[in-house]
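In what follows, a single structure is set out as structure tokens and then discussed.
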Amino acid sequence: MTDLHTSIDKFQFDNVFMNASGVRCYTKDELDELAQSDAGTLVTKSATRAKRLGNPSPRYARLELGSINSMGLPNEGLEYYLDYALNFQKAHPDKPIFLSVAGLSMEENLAMAHTIEDSNFNGLVEFNLSCPNVPGKPQTGYDFDRTQEVLTNLFSFFTKPAGVKLPPYFDLAQFDQMAAILNQFPLKFVNSINSLGNGLMIDPETDTALIKPKGGFGGIGGAYAKPIALANVRAFSQRLDPKIQLIGTGGVTNGRDAYDLILAGASLVQVGTLLQEEGPAAFTRLTRELRAVMQTKGYSAISDFKGQLKVLS
Ligand SMILES: O=C1NC(=O)NC(C(=O)O)N1
């Protein structure tokens, strides 16, 4: 029987699949649905200190090969998700979960990190450095000096297990530069990628941008993202200290897509657009399909093929 068990640092998960932050994880009810699904764990919607309404609708649209979104970090505020996480870990001590935070400033990120550090949260924290959709706010992950500064300040006091959610990079020199920064810090994981920032799609009937915020600019997810996600996971798995594990996010529509992210080096696989469109039952299908691919290949465990992408010699 194929085993989908995986781990990050000391944390064990009985299944490689989980949601991508922002998808079906805004409310306690949505989070409970994820917890009851076949997913191995879950991550909360990226939190800001205070509750946010986010951008005006329409702010999400399904596309032929994925999705476009400019949600603008709508969320219930950090306390809401921290409260959920503390209750969850009491009820499910054997199921570690992820808490995602996305401060709109250095001060906000550090303030939220202090709140979490001072709490009894015993899961993993995902610092989102890559939201592309807050008007006027650049993606921290594209500013190397700022990233260095945020992580330096953060790890001057933060001791809980943490990682970062990165935007996609498209230049090998950027992989080198970013990996050199990330390797300086006690990160447990790097999650690549967030949506392909600031795409644009058009309604053919009305010649109008599909979504309202930012003149129609928004993050692109789904099948469009797969080759970029594979490259980013692979590039960082080749450059990061082995202590820093990869989470692969982007373009997962079936078991083979998940298998490919694991081949590229991912220890966990996050699902966004597909989960948004198919619901938590997607995890049951993905699990079945990944097991089938593994069986075909003669693998019985994730470790049999993780990071084993071959190249032409
Ligand atoms: O980090 C994010 N990535 C996205 O694609 N969208 C959300 C958002 O807009 O809140 N945030």
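Quick note: residue numbers are just sequence positions, from 1.
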Taking every heavy atom of Glu33 against every heavy atom of Pro280, the minimum-distance pair comes out as OE1-CG, 3.8 Å
Smallest heavy-atom separation, Glu289 atom then Gly255 atom, equals OE1-N, 2.8 Å
Query - Centroid separation His114 to Phe157 less than 6.0 Å - result: yes
| said: Less than 4.5 Å apart, side chain to side chain, heavy atoms only: is that true for Gln270 and Val43? | reply: yes
Distance-only donor-acceptor check, side chains Asp203 and Thr208, under 3.5 Å | no
Practice prompt. Assign the ring pair Tyr259 / Tyr299 to parallel, tilted or perpendicular, where the plane angle (0 to 90°) is split at 30° and 60°.
Written response: parallel
Exercise: do Asn232 and Ser192 side chains pair donor with acceptor under 3.5 Å:
no
> Is there a donor-acceptor contact under 3.5 Å linking the side chains of Lys45 and Ser21?
Replying inline: no
With Leu261 as partner, the option from Val252, Leu268, Ile247 fulfilling side-chain contact (heavy atoms from CB on, under 4.5 Å) is Val252
Would Phe158 and Phe127 count as a close aromatic pair, with their ring centres under 6.0 Å?
yes
(message) Can you tell me how the ring of Tyr169 sits relative to the ring of Phe175, calling it parallel under 30°, perpendicular over 60° and tilted otherwise?
(response) perpendicular
* Asked: Just checking, is any N or O donor in the side chain of Asn191 or Glu126 under 3.5 Å from an acceptor N or O on the other one?
  -> yes
Here the pair of heavy atoms bringing Arg239 nearest to Asp176 is NE-OD1, 2.6 Å
TODO: Might you confirm whether atom CZ of Phe217 has over 12 heavy atoms from other residues, nucleotides or ligands at distances under 6.0 Å?
DONE: no
Paired with Tyr81, the side-chain contact (heavy atoms from CB on, under 4.5 Å) test is passed by just one of Leu31, Ile116, Ile97, namely Leu31
Within-4.5 Å side-chain heavy-atom neighbours: Val269 and Ile262: yes
Closest non-hydrogen atoms of Ala20 and Cys25, given as atom of the first, atom of the second and distance, are O-SG, 4.3 Å
